[in-house]
Amino acid sequence: MTELSTPTIGVLALQGDVREHLKALTDAGAQARPVRRPEELADVDGLVIPGGESTTMSKLAVAFGMLEPLRAFVRYAKPVYGTCAGMIMVADKLLDAREDQETLGGIDMIVRRNAFGRQNESFEAAVEVAGIPGGPVEGVFIRAPWVESVGAAVEVLATYGGHTVAVRQGNVLATSFHPELTGDHRVHALFVEMVRASAE
Ligand code: GLN
């Protein structure tokens, strides 16, 4: 058996459920650490953008001088995984967002904020995710966005209720839901694999 490498994965720690992602990544075989400053970003092989509030996260990214370093991280094709607010952060375009809300971009998609929220603030549902073996994952949706449309280069990994809720484009992965809030770390394991493959 070949020894699996242990990649170092950061969790953007400006706002949101950072601790849960650090734990999920550690359980999935990564070295996980919070990232708040550009110097810290330079030291990680991949980055998770947590759930939380994307308008606040975007403002803090500007205030902490992180917006351009984060955009460069995505541009250099370093692996990034965004959950919920994190999905919003990696969208090229938004609907129902504030005029001045900044995103990093990375996935050629239009994401609608609070899309499920208007119908149902928060719910859980079984979601079948392409590339994740072993049956559906428990999707925790909290004022969740959905993907309204995607460009040709984007792979749709999961839908729920007719709406796209998980996507991947190259090294950027995004889910509307929060696998970090369940004990099931298969989505994080997929991301750890993406980071390993890219670090090699
Ligand atoms: N509705 C939030 C936003 O727009 C996302 C919610 C979440 O991350 N759970 O940022």
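One-based numbering, in listed order, for ligands and for the atoms of each.
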Residue pairs meeting side chain to side chain donor-acceptor pair (under 3.5 Å), one or both in residues 66-78, sequence neighbours left out, come to Glu68-Arg71, Arg71-Glu102
Sequence neighbours left out, what pairs pass side chain to side chain donor-acceptor pair (under 3.5 Å) with at least one residue falling in residues 164-176?
-> Tyr81-Thr175
Salt bridge (charged side-chain N to carboxylate O under 4.0 Å, His left out) with Glu53: of Arg113, Lys59, Arg98, only one passes, and it is Arg113
N/O contact list for ligand 1, threshold under 3.5 Å:
residue: ligand 1; atom: 1 (N); partner: Asn114; partner atom: OD1; Å: 2.5
residue: ligand 1; atom: 1 (N); partner: Arg143; partner atom: O; Å: 3.0
residue: ligand 1; atom: 4 (O); partner: Ser54; partner atom: OG; Å: 3.2
residue: ligand 1; atom: 4 (O); partner: Arg113; partner atom: NE; Å: 2.7
residue: ligand 1; atom: 4 (O); partner: Arg113; partner atom: NH2; Å: 2.8
residue: ligand 1; atom: 8 (O); partner: Gly52; partner atom: N; Å: 2.9
residue: ligand 1; atom: 8 (O); partner: Gly52; partner atom: O; Å: 3.1
residue: ligand 1; atom: 8 (O); partner: Ala85; partner atom: N; Å: 3.0
residue: ligand 1; atom: 9 (N); partner: Ile142; partner atom: O; Å: 3.0
residue: ligand 1; atom: 9 (N); partner: His178; partner atom: NE2; Å: 2.9
residue: ligand 1; atom: 10 (O); partner: Ser54; partner atom: N; Å: 2.4
residue: ligand 1; atom: 10 (O); partner: Ser54; partner atom: OG; Å: 2.8

So, Phe177 versus Tyr160, ring centres under 6.0 angstrom or not?
-> no
Measure the spacing between NE2 of His188 and OG1 of Thr83 and express it to the nearest 0.5 Å.
-> 6.5 Å
For Glu138, what residues pass the side chain to side chain donor-acceptor pair (under 3.5 Å) criterion, not counting sequence neighbours?
-> none
